[in-house]
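Quick note: numbers below take in every heavy atom, side chains included, and nothing from hydrogens, waters or symmetry partners.
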Amino acid sequence: MNIKGRFDHFNVNVTDLDRSIRFYETALGLKEVGRKEAADGSFILVYMGDGVTGFSLELTWLRDHTQPYELGENESHLCLRVEGDYDEARRFHKEMGCVCFENEAMGLYFINDPDDYWIEILPVK
């Protein structure tokens with residue numbers, strides 16, 4: 001068997017759905033492209049897209065999970081490439097107070113979302 005996979009979405013669980021949607025809209029220009037709500041109100045899934053690729057970020061809100069998520073030593077991360085002036089984007093993210101790590105030697109930096117997930121930011125090549 002030769003399976004050919006293709007990327008569809010990546011999920012992060014969030015504690016405050018509206019705050020997370022605002023963050024991803026403001027910091028990265030992502031827009032809501034889909035939503036699914038449980039009939040009993042136990043969860044809401046919001047899919048955020050970039051308007052260019054078919055890949056989406058799934059924000060999952062769980063009604064019964066009210067405490068912050070414990071990310072531990074999980075070093076997985078999402079990476080987005082930003083168009084335009086890369087230094088201007090970095091300044092904007094610094095003004096937002098969400099830059100959590102910079103590696104100037106490698107020409108990259110990370111921002112963290114309201115639930116402390118790390119997002120690597122690279123320029124479009």
Can you tell me how far the CG atom of L108 sits from the SG atom of C79, to the nearest 0.5 Å?
8.0 Å
Interatomic distance, CZ@F10 vs NE2@H77, rounded to 0.5 Å, equals 9.5 Å
Could you tell me which non-hydrogen atom of [X] sits nearest to which non-hydrogen atom of [Y], and how far apart they are?
{"X": "F92", "Y": "A27", "value": "CE2-CA, 4.3 Å"}
{"X": "M106", "Y": "N103", "value": "N-OD1, 3.0 Å"}
{"X": "W61", "Y": "G41", "value": "CZ3-O, 3.8 Å"}
{"X": "L62", "Y": "Y69", "value": "CD1-OH, 3.8 Å"}
{"X": "E83", "Y": "V124", "value": "CG-CG2, 3.6 Å"}
{"X": "E58", "Y": "L45", "value": "OE2-CD2, 3.4 Å"}

According to side chain to side chain donor-acceptor pair (under 3.5 Å), does anything in residues 23-38 pair up with another residue at least two apart or in another chain? List the pairs.
Y24-D113, E32-R35
Apply side chain to side chain contact (heavy atoms under 4.5 Å, CB included) to residues M48 and I21 and explain how you reach the verdict.
CA-CA 8 Å; M48 306 292 291; I21 290 170; 4.2 Å; yes
Run the numbers on F23 and I111 for side chain to side chain contact (heavy atoms under 4.5 Å, CB included), then give the verdict.
CA-CA 11 Å; F23 173 82; I111 61 175; 3.9 Å; yes
Is there a chain of hydrophobic side chains (I, L, V, M, F, W, Y, each step under 4.5 Å between heavy atoms) that links F7 to L80?
yes
Any [X] side-chain heavy atom under 4.5 Å of [Y] side chain:
{"X": "L78", "Y": "F110", "value": "no"}
{"X": "L71", "Y": "Y117", "value": "yes"}
{"X": "S20", "Y": "D115", "value": "yes"}
{"X": "T60", "Y": "V14", "value": "no"}
{"X": "D18", "Y": "D16", "value": "yes"}
{"X": "L28", "Y": "I119", "value": "yes"}
{"X": "T15", "Y": "T66", "value": "no"}
{"X": "L57", "Y": "V12", "value": "yes"}

Yes or no on side chain to side chain contact (heavy atoms under 4.5 Å, CB included) for L122 and E120, after CA distance, side-chain angles and deciding distance?
CA-CA 7 Å; L122 294 173; E120 182 178 357; 3.7 Å; yes
Step by step, work out the side chain to side chain contact (heavy atoms under 4.5 Å, CB included) result for E95 and R90.
CA-CA 9 Å; E95 289 171 8; R90 183 191 322 242; over 6 Å; no
With a 3.5 Å distance limit and no angle check, can you tell me whether R63 reaches the backbone of I44 through a side-chain donor-acceptor pair?
no
May I ask you to check whether H93 and Y109 show a side-chain donor-acceptor distance below 3.5 Å?
yes
